[in-house]
Amino acid sequence: MDRAAVVPQAPLGIAREGGSELYLPAALPKGPGPAHRASVFYNPAMALSRDLTLAVAVEESRRLGRRLEVWDALAATGVRAIRLLRETEAVARVVATDANPEVVEVLERNAVLEGSGRLIPECRDLRGGDPTLRFDLVEIDPYGTPQPFLPGALRATKEGGILGVTATDMAVLAGPERATCLQRYGGKTVRGYLSREAGLRLLLAHIASVARDQGRRTRPLLSYVGGYYVRTFVRVEPAPLEGGNTGGGAGAGTSPIIPQVGPVPYEGYAGPPLPDKGPVGPMWLAPLHDPEFARSLRPPAQPGSGAKVSRFLEFVAEEVRISVPFYYETGPLSRALGLASPPPRPLILEALREQGWESFRTHASPSGWRTMAPYPEVARIVSGIRWGATDAPGARAGPELPP
Ligand SMILES: C[S@@+](CC[C@H](N)C(=O)[O-])C[C@H]1O[C@@H](n2cnc3c(N)ncnc32)[C@H](O)[C@@H]1O
C-alpha cells in the first residue's frame, strides 16, 4: 500500500512524547485519563509505561547482544513502537497491529513519519492469532482486561522472550467486582490498601496459568501498580517437565518457603494482616521483580513521564530486596496499633533496620514500605518508636518522602 496516500478520518496533529514526534488525536484529554471517546486512543498518563518498555527493551538487547524483534499487538497510534525505534538502538523492527481500521490509518501515517521502514503497521485482530509469529518482546496494552489476549500474546513470545501486559480493569482486580474477578482471574482479591498489589498478583497468577496451558512458565522481571492500572513484564520460559508454575521457594533469608502461586494466608504468612475473612487468592506469591534485571534498567534519555521514571526505578531498585508479598502503610498500621500519630517512614525504616530487618520503600505507595520482619516484630518495633512531639495524642506525622 502507498502509505503516504492514507488519509485518516480522525483529526490528527503532530505531537511529542519523550524524544519522538508522531501523529496523535488532535483533541487530547486535559486530565490524566485516556481519550475514551476518541476512536484513536492515546493516553498521556501512560507515558511511564512506555518509558519502561524502552528501558526493558534496551536492557534485553544489551543482554542478548543484538536488536530485538518486537510486536506491539494493541498498538493504537503506535506511540510505543515509534518511541522504541526513534529513541533506542535496541530494536530491529516493530510489527504494530490494531484491529480497528481507522486506528491502523493513523499507524500507517506514523510509520511514514517515522521513516525507517522498520515500523510495520497491520490491521490484525489479536484474538485471531497467527501461530507462526514469534517475537523477542510482545506488548499488550488493552483497554480493560488483557485476559482474551493472553493466549495469543504468550504464543507469540519466543522461548526466553518477554511479554509486557497492562490491565486496567481495577474494579475487577482490586475492587468491588469480586465475582467477575473469580471468574476472570480465578482468585479472590483483597480489600483495603493492598487491593492493587493483590490485583497485580492475581494477574501474574493468571498469566502463569495460561502459560502453563501452553507448556511454559513465566517469571516476572518487573511488575508494578500504577494509578489505575497494573502492569508486568514477564519472561516466558519452557516449563520444567513437572511442577509447571507451582512449587519452588520464593523466600530469601529468613522468609519461609512460599509457593509461587497460592492463597493468602499461606502457611507461615507473617505479612500485614489482611482485612478479609478467610483466604484470598490464589495469587502469585513469588517476587514481583527479577532483582538483577530490574536494577539494570535505566530511564530513556528523554522520558515521556519526566522525572517519574527515574524515581520509579529508584524505588524498585530498593524493594527488589524484599521477596515476601505485601507492604505496610504507616497510616493503617498506626491505626491498627493505636498510635496517636504515624511515625514518618524514614524513622520506621531506620528502627526496623537497627533491629536487623531488611526494610525498604516501595514504588506502590508514598507512605508504603516493605520489610522481611514478621508482623509481630513490626508491631513491636513501630510501637516503640519515639519521635519529636509524637507521643502527644493527635500530634502530626513528619513529611513523607515523595513517591
Ligand atoms: C488502550 S489502546 C492501546 C494503547 C497503546 N498501546 C498506547 O500505548 O498508546 C487499545 C487498542 O487495542 C485495540 N484493540 C482492541 N481489541 C483488539 C483486538 N481484538 N485485536 C487488536 N487490537 C485490538 C483498540 O483498537 C485500541 O486501539
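In listed order, ligands and their atoms are each counted from 1.
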Q. If you measure from the Lys or Arg side-chain nitrogens to the Asp or Glu carboxylate oxygens, is any gap between R63 and E59 under 4.0 Å?
A. no
Q | Verdict with supporting geometry, Y266 and Y269, ring-ring contact (aromatic ring centres under 6.0 Å, His included) | A | CA-CA 5 Å; Y266 47 83; Y269 176 76; 5.4 Å; yes
**Q.** Euclidean distance, E319 CD relative to S359 OG, rounded to 0.5 Å
**A.**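 That separation rounds to 13.0 Å.
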Q | Closest protein heavy atom (residue, atom, distance) for atom 16 (N) of ligand 1 | A |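 Answer, as residue, atom name and distance: F149 CZ, 3.9 Å.
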Q | For atom 20 (N) of ligand 1, the protein heavy atom that lies nearest, with its residue and separation | A |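 Going atom by atom, the protein heavy atom closest to atom 20 (N) of ligand 1 ends up being L126 N, 2.9 Å.
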Whether [X] lies under 4.0 Å from ligand 1, heavy atom:
X    : result
R124 : yes
R50  : yes
D125 : yes
Y42  : no

Q: Going by heavy-atom distance to atom 26 (C) of ligand 1, choose the closest among T53, D98, L74.
A: D98
Q: Check each of T77, L107, D141 against atom 6 (N) of ligand 1 and report the one with the nearest heavy atom.
A: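 Shortest heavy-atom distance from atom 6 (N) of ligand 1: D141.
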**Q.** M372 and S323, any side-chain heavy atoms less than 4.5 Å apart
**A.**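 Yes - at least one pair of side-chain heavy atoms lies under 4.5 Å apart.
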Q: Give me the one residue out of Y193, F360, W369 that meets ring pair (Phe, Tyr, Trp, His ring centres under 6.0 Å) with Y327.
A: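 Testing each of Y193, F360, W369 against Y327, the sole residue satisfying ring pair (Phe, Tyr, Trp, His ring centres under 6.0 Å) is Y193.
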Q | For ligand 1, the portion of A75 having any non-hydrogen atom under 4.0 Å away | A | backbone
Q | ligand 1 contact on P142 by region, counting heavy-atom pairs under 4.0 Å | A |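 Under 4.0 Å from ligand 1, P142 contributes backbone atoms alone.
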Q: May I ask you to check whether over 12 heavy atoms, not counting those of E292, lie within 6.0 Å of atom CD?
A: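 No.
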Q. Should the heavy atoms of other residues, nucleotides or ligands under 6.0 Å from CZ of R191 be counted, would the total exceed 12?
A.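 No, not enclosed.
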Counting from 1, what ligand 1 atoms have a heavy atom of [X] closer than 4.0 Å?
X    : result
N100 : 25 (O)
R127 : 19 (N)
R80  : 8 (O)
Y143 : 1 (C), 24 (C), 26 (C)
A99  : 17 (C), 18 (C), 20 (N), 21 (C), 22 (N), 23 (C)
A76  : 3 (C), 4 (C), 5 (C), 27 (O)
V79  : 7 (C), 8 (O), 9 (O)

Please report, to 0.1 Å, the donor-acceptor pairs under 3.5 Å made by any side chain of residues 168-175, with sequence neighbours excluded.
{"residue": "T168", "atom": "OG1", "partner": "G144", "partner atom": "N", "Å": "2.7"}
{"residue": "D169", "atom": "OD1", "partner": "Y185", "partner atom": "OH", "Å": "3.2"}
{"residue": "D169", "atom": "OD2", "partner": "R184", "partner atom": "NH1", "Å": "2.8"}
{"residue": "D169", "atom": "OD2", "partner": "Y185", "partner atom": "OH", "Å": "2.8"}

Q. Step by step, would you call E60 with R235 a salt bridge (Lys or Arg N to Asp or Glu O under 4.0 Å)?
A. CA-CA 11 Å; E60 183 68 351; R235 193 171 294 289; 2.8 Å; yes
(Q) I want to check a possible cation-pi pair here: R231 against F233, using under 6.0 Å from ring centre and within 45° of the ring axis as the test. (A) yes
